K.L.:
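Quick one: the structure is below, and I'll ask about it shortly.
Reckoned from all heavy atoms, side chains included, excluding hydrogens, waters and symmetry mates. Within every chain, numbering begins at 1; the chains are lettered A, B, ... in the order of the sequence lines, protein sequences first and strands thereafter. Note that this is a predicted model, so its numbers are computed, not measured.
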Amino acid sequence: MSPNSWVIEMAAHKSRLQVRRSLSPHPHALGSDAFVRSPHAPVGNPVFEDIGTILSVLKASGLLPIYEQVSSFEVGPPTRTNEFYSFFVRGVVHALTIFNIYSLMTPNGAKLFISLRETDNVNQWIELLLCILTYTLTVFVCARNTKCIIQIMNEILKLDQEVLRQFGVALSNNCNFSIKFLLLIAACQAYIIFIRIHVLDGVITPTTYILIGFYAIQNGLTATYIVFASALLRIVCIRFQFVNRLLNGYSYAQLLGKSRRQLQSHMESFPEDSLFIYRTHNRLLRIYKSINECCSLIIVCFLGYSFYTVTTNWYNLFVQITNNKGVISSHIMQWCLAWLCLHTALLTLLSRSCGATTNEANITSQILARVYGKSKEFQNIIDKFLTKSIKQEVQFTAYGFFAIDNSTLFKIFSAVTTYLVILIQFKQLEDSKLEEQLQETN
Amino acid sequence: MSQVTPMVQPLLLQFQQLFFLSKVVGVLPQDLTKFRHKNVLEKSRNGMIYMLGMLALYVGLYNLLIYSFSEEDRTLKATQSTLTFVIGLFLTYIGLIMMATDQVTALFNQGKLGELYERIRVVDERLYREQCLVNNSCIAKRIRIMLVMTIIFELFILLTTYIELVDYTQWLSLLWMVSAIPTFINTLDKIWFAVSLFALKERFEAINATLEDLVTEHEKFQTWLTGDADAPEPHTADSSETQPPQYDSNLEYLYKELGGIDIGSLRGSGGKNNKVAPIAHSLNSFGESIQTPRKPHQPNPNPMMNMAHESELSNATKVEEKLNNLCQVHDEICEIGKAMNGLWSYPILSLMAYGFLIFTAQLYFLYCATRAQSIPSLFRSAKNPFITVIVLVYTSGKCIYLIYLSWKTSLASKRTGISLHKCGVVADDNLLYEIVNHLSLKLLNHSVDFSACGFFTLDMETLYGVSGGITSYLIILIQFNLAAQQAKDAIQSFNSFNDTAGLVGAATEFGNESSTLYDLVTTTMMTPSNY
Amino acid sequence: MGYHIDRVLRLHLRFYQLLGLHGLPLPGDAHPSRKAWLLQFWAGCLLTGFSTIAFVCLTSDDDYLYHDDAFSCFNDGMKYGFAEMAVLSIYGETLPGQRYHLARFWQLYGARTPPAGTLRQQLVQHRRYLIQLYGLVFLELVLLCLFVSVQDISHHILLFWSTFQPFVFLVHLRNTQFLLHLELLRQQLVQLECELGLLVEYSSFASVAASFAGFEDYLRRRVREKQLMYERIYELCISFSRAFSYSVLTVLLMIYIRITVDCYFLYYTIYMSIDNIDYYMLMPAVMQIPAFLYASQSCMQMVPRIAYQLHNILTTSSALSLQIQNFSLQILHEPVRIDCLGIIVLDNHLLTRIACAVCTYIIFTVQLMPKLSGSSI
Amino acid sequence: MHFRNWWLSEELASTINTLTNLYQQHLNPHDFNDCLSFDNYIIYKGLSIWLEVASMFVMRYGLSPPISFKLFLGLVGVMAVQMSILLIGMHFHLAVLYIYRSVWIVNRELLTLANQLRMWNIRSSPRVQELHCLYSRLLGLSNRLGALYDYQMTLFMISLLSVNILSIFYMIVYCISLKKILTFALAINFIQALAINLMDFWLSIAVCDLAERQGRATSAILKLFNDIPELEVDLDRSINDFALFCCHRRLRFNHCGLFYVHNAMGFRMIVACVLYLIYLVQFDYMNL
């Protein structure tokens, strides 16, 4: 949706909530609220507690706003000091970036480049620049999307609140993978730093240390942001799953064994449940879209960057294996392997979470099609949804460039082969040119 | 006609020989005696152990084979360009990997497979209750045909290769027989999949057939009703005659009123298609359908209402139940198809990868053999073009048949909605229209699409991308080969110019190939919504 | 076969029968069964003839093929091979198994349409097809005459063209036959759209000025007729794609292969500086594919237009809107989609792909040429 | 291109007229003030046109030796042709933008309608019908526009892409292969020309993509009507009609059947450009 309609929608949505409260006085509302408050008040945010580590990291690096927690189901905008802190961190980051680019121009930046062939140097230049670009863009986009992210969080929390009120189910989201990935990222980066410094010969100036360290930090933070995005997607995916499970209770398979009486009693709760399901589905779709809008630029950049990194690393491996000198430097091997495993893991995570969420979002209509509408109004209720969801599959697109789902890995690796071949040709070209020069000198 | 007996006989009855065979070679771990008595697949520990033993045996033999034939490869490595050697090394184990994938997945799924066929049996019973009969008898025939063809192909390839290309002087060469095992087992596994898929397709077609029967019956009923045999065919007849005469005065008035507008519209649309005959047609048909009062006056403007008891379609409440059940069964079959796809997804993926790689490699080695270069010993069948052709036909036949079958199945499942709409249109009745709309909305959302682990859908459009991929990789390999050859014989800059140029071309093809994959993926995304 | 077709179609179908492409007796023939048998026999004879030509060309060591280097020889062989495939599939489809669908096509078509009255009307009705057919054939003949007059005929060229040209003619005529069927299909669709447009006008007119009791019901019945029409058109499309399933694929393949190979030879003759202008003969082949694709796309484009017209009908009663919803659902279920064996949809997007593929192949051949000519067997 | 433009001029005029009186009839009561992206894109478009002209001037004067009269005439001629081409492109995009804005208004109306229905529970309104017919007319207009401009736009895009590739290629050849030292002014010229070309190209894609996304948003908004309890029957029916219509006809811009214009297409085009650039560079590289 276009942003302005989005705004209207938000307003409407809030008012609708109030309407629902005012219209339907929940007898158990107070009790449920108490039930909600009591466990969660000490713990803090019920939803985001298990991605808390990532949140803290991102907050500390100024990528996320350090929001206040108003109630257990709402987060408020950050206080001024925290805002200032975030601004300060971003400013430092940009300063460091500029400093890096400057020092890369200076000769001691050239020591970072290991290989001698000019193609490789060009590759490494492009890689460095891409990394810097990605990180800077991430920072900028995050700075712009502060409000958007807080809105998303609030939406999710409200959703949980309603679910809790209607069904008394507190949705748990198992995003424990995030911590593992954090560890993986940290380990890979540290290892890479170590190898770099180990490989470097001669006296190492502090600027070089700053360069390498900041480079590693940039990579790590970008990767962390990707993990965060996929965690958000996972959360949304779990909500979708909940809706689908709810809907699945009405499908044929459940109804087969029952008698007509049971069927009646089973189906009579269908209309209001269907209303709730439809509303929840709409809101989930909206959350999904807004997440997409927030992250898509970053994701595009990251995809491009990791694609390029994977390609260059494969290329380096290839060169190391097939060079005629016969000496294979183990450092470069380890280095490439570390990069490869890091980026492949991230790509897999991203594509899998996107694919899972998209699948869950699109499967709802199929499940609804399985609901047995005996009487006329049930059929109407079902038709209403189905008519509007023909050919309306949602996609998690990378800025509209291409859809991200399970097949993205496939595409990316086919593209990697393409560019690999091109790089190999450049290498052969250079070899042939060297030979020519040798022949001319002889 | 097996279903005429009141109790539906299970589908597995047809699978006897296939099950015995696959039991013996160790494709399926399920229990033999239970199958023989109750025609059910149940998991059994002994079968599992036996199967694992077989797997271990095969792996051992295969390794022995590779070892015994590898001394030729040492010479190959010495002489040959590294490319061929690397490819050979890479492709040596892929057949084994494929076989292992099949057997291990069969082990994991041994429980689920039985449930699958149980579900199919339940579906058969429900279909039988709807008086639409499924004929299982031709399945057994199919199985036999497939088995025979498999065995013929395998034996032919094996024997010809053995006689032609293996020196059967030392006894070790008997090990060559082992090289046929993986493909054979894989084919058996795929026959299970293919036949079950075919059974699903038959179920879909049975549903469609019942719907079509409803339509034809109703049409007969209508023609009998409208009673004039001279009408060329029912539709125009009833459409022109069920039009009650009392409208006609108003219609002519309306027609006069609209004449100007029509002409204007025609002129206006003249830009788009300037005064083609079809418009004249439309005017004619409309005109003549306007001047219908000369037709004999029908006693009842709408024949559906009073003669309701004749055709089944004409009372909605009775047919609603049937249509509902059919729709549910359709959905159930779709679910079964998805489950089956889930069971076989990894084997299919491995089969596709295997087919792709082997096809490319075989052609490449054929090229090498024609250029009198030595090739890896396991692919010695590439030395003889004829055997190569047979191998290629066999390998590609497996893949293409699976793809074709799944495509056909999804077509059949889509066909159901069409025949449903035929029912709706033929008996035009508001109640029925509501039902038909509801059900067709549901049918639109029943999707049966077979995909290999979500990487690509098993669809004919995949063939396009795959063929493009094969050609491009082949050309790239050949060009690398040429480059290596020319690098061997002493070079000057001219040749390097050429082979780099060739490589550039290769890269171009690569780019296009990836882009075709791109298009392929996009098209496969678009296929549910092409319009 | 109780259907009747107008004179122009009749003439051209006779023409195709003469070439053994249309394996059906026309309506009004005396004893159709014998006619059908004769046609099959004739098709079989032609098939054997072509196959023998191809076999001889592929096997004999007289230079039907270009024998100077391996790659060119391989290319020529490929040309012959695909031509043979095309011919096999073409005549295989005139045999009884496939003929059922063709018969159904014509039956449906003939049952659908009253033939246009005067000859001029018929000409106007089929003008697209006629222009394409005669334009292409004429172009081909002119080029052939030019070729014969200008080119000094060497042995190879004589043998090659005298054997290969019949294949080319046959395949191109088959392509024009596809064009004919597609054109008929398109006419049906256009007519349906126009009638729906009339209904739209009526409904709008009735909504503003003159509506009367039962007008809704009348409109509903009209929509139902249109629904039946659409159903029959869909049947037409299905039977077309079944009747010509394989030959569409092979004909397209053959033309495509020929274009690529001849482009290669074009470059080759320039590269080797041979005076040989037979690549001008490529022109009609280049024209063929776009003609076919354009026809199929113009068919497929009609469907959304029909839906558009359908939804423009102003609905006031629930019954009518129910009917309209039913119709649109039916259109959703039955998209007119012309694809060869489901492998690829035949529209202009394919054109871009083909062009790109041809370029790629040219690049290869251009780079492979010196090497292969250097290392020919 | 011009010929076709002239050929279809009266059709074009009729289309524009229908668009304008559509505005006068339906859309004028609504305020366009908060349709930000529309204004932004209008501004961008005009800016890009002026920048193109300016960059052409700068390129000519930067590259060419001191002006002789003939050269000047030639320059003026070339400039005129390019100007006209650019203006044609601009016309198309402005029309697309207008359509976008009206679709946007339709969406907003639908949204407000949904919210009204939800808040004060009105159970029926005739608005949906009107919006539906409005939307269908917009679609018809967009199709006519696409049919009008397809060849021009295809040529336009192809020319832009080829200009980009060739300019980069020549630049690389110039500064690397020929070992010429790259003067600063030259670099600035080149870069600004390239950037402006790219920007224009991307605008021409982004505009269409904007409209298309808006069209998709319509069906997404229609989903919001799902969760309103007990609607009127005919309102519900008309909404269903609208939804079916949306899933049949979507607002898409297809240039003579060759390609749809949206971001994915642009992305693929640019990737293809990069690939071809690389091949050109390789050919050049090994010719040295």
K.L.:
Name the region of A:Leu285, side chain, backbone, both or neither, that has any atom closer than 4.5 Å to a heavy atom of chain D.
P.N.:
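Only the side chain of A:Leu285 comes within 4.5 Å of chain D.
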
K.L.:
Which heavy atom in A:Gly400 sits nearest to a heavy atom in D:Asn263, and how many Å separate them?
P.N.:
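Scanning both residues completely, I find the closest heavy atoms to be O-CB, 3.3 Å.
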
K.L.:
Could you tell me the separation between the NZ atom of A:Lys384 and the NZ atom of D:Lys223, rounded to the nearest 0.5 Å?
P.N.:
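Answer rounded to 0.5 Å: 14.5 Å.
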
K.L.:
Of the backbone (N, CA, C, O) and the side chain (C-beta and beyond), which part of A:Thr397 lies under 4.5 Å from a heavy atom of chain D, both, or neither?
P.N.:
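Neither part.
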
K.L.:
Should the ring pair A:Phe402 and D:Phe267 be called parallel, tilted or perpendicular, given that the plane angle runs from 0 to 90° and is split at 30 and 60?
P.N.:
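Correct class here is tilted.
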
K.L.:
What's the separation between atom CG in D:Leu224 and atom CG in A:Asn282, rounded to the nearest 0.5 Å?
P.N.:
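So the gap between those two atoms works out to 5.0 Å.
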
K.L.:
Atom SG in D:Cys247, atom NZ in A:Lys388: separation rounded to 0.5 Å?
P.N.:
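Reported value, rounded in 0.5 Å steps: 11.5 Å.
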
K.L.:
Does A:Tyr399 OH have over 12 foreign heavy atoms under 6.0 Å away?
P.N.:
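Not buried by this count: 12 neighbours or fewer within 6.0 Å.
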
K.L.:
Take a 6.0 Å sphere around CZ of A:Phe413 and say whether it holds more than 12 heavy atoms from other residues, nucleotides or ligands.
P.N.:
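Yes, because the 6.0 Å sphere around CZ of A:Phe413 holds more than 12 heavy atoms from other groups.
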
